[in-house]
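Taking it in order: structure first as structure tokens, then the write-up.
Chain identifiers are assigned alphabetically (A, B, ...) following the order of the sequence lines, protein sequences preceding nucleic acid strands; residue numbering begins at 1 within each chain.
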Amino acid sequence: MPSVASKILLSAEVARDEASLLDIFDHVLNKGVIIHGNLIISLAGVDLIYLGLDAILTSVETALQHMPVRALPTRAKQ
Amino acid sequence: MASHVKPKANASALYLYGVTQKKVALAAGVVGVDSTTSIEPLECEGLVCWISRVDKGAFADNLASKLENLDWLTETSMRHQQVASAIAEHTEILPARLGTLFLSASSLEADVRKNKRVLEADFARVKDSEEWGVKVFAVTAKPESPPEPMKSGREYLKAKAAMLQRPAVRETDSEVEKFAKALRRIAVRTAAGGQISGAQRGLKWQISLLLKRGDRKKLESLLQKFSEEWAEVRKIEITGPWPPYSFVTRAHAGPRGNG
């Protein structure tokens, strides 16, 4: 897939391959507008579906610590 | 027997990437989280909701189990971010959190209507601004002598655990404080850094900044100044520009379900 990081400028002295993915997780899982809550799935009536992601943050974090660097996306530089 | 064919609308859900105040043209090739469907701007309550139509079975009904799959989560997160950034190139966006799905345009519209006032306030806050992530890492000196060989597996695991452990409270020193103050002076707002990247080894301090687009040079010169001063001691990493994920209101939906 095309690198998501093409707009992400990493003007870092620290060349850490994992940085962009960790930061993406931080932003898309942890932040964002509209709804924040626990699991909301309704089949009738309220038809908004949202899965609260707080519960999985810890497991993602743990998994990433053991994840091989090669599995991470290539970073595009500006 | 066309009348027996299930209507396709029943099998899809609307995946939300974010909300803007106006419609813009996206670059060709920007696709949704499922890697195939296109991104659509839907007019809602005077705002524009950016969505793609996703398979309800894959994205809504089985979301909980999908989220346990790190490969799926990685790809979906990257695609979500790619779309949000593609829109942010053209106009202010209030980015949605990953996994915000609606079963119909009318339910999306109802939600936007309910949160309209909050959304308007968020737009005013992020006007002409973008988000940047700043981290300070300790530079670890290479050991002069090679480490003692591990005598047992238990010892190895203990050492490994110590390496991965994050401090309960980030240590800050006066130098970092000085940098923090300088950043706060140029930022419109600041927010605490994220939970996941907080686990990076050697990380001493992190912050998210909401910065006016015109102030990017100020950030660059601060980075340059402190990088030079800290060359042997600390390293600074900056990521961005991000859509302002950390500076939008996370409205509570209320106890509409339990999870």
**OP:** Check the surroundings of atom CZ in R117(B): do more than 12 heavy atoms from other residues, nucleotides or ligands lie under 6.0 Å from it?
**Re:** no

Original post:
Crowded around R189(B) CZ? As in, over 12 foreign heavy atoms under 6.0 Å?
Top reply: no

Subject >> Sole residue of M78(B), R79(B), H80(B) in side chain to side chain contact (heavy atoms under 4.5 Å, CB included) with V28(A) >> reply: H80(B)

Original post:
From T239(B) OG1 over to I24(A) CD1, what is the distance, rounded to the nearest 0.5 angstrom?
Top reply: 9.5 Å

**OP:** Rounded to the nearest 0.5 Å, what's the gap from CG on D23(A) to CD on Q206(B)? Could you check?
**Re:** 8.0 Å

**OP:** Fit a plane to each ring of W242(B) and H27(A), take the angle between them on a 0 to 90° scale, and name the class: parallel (under 30°), tilted (30 to 60°) or perpendicular (over 60°).
**Re:** parallel

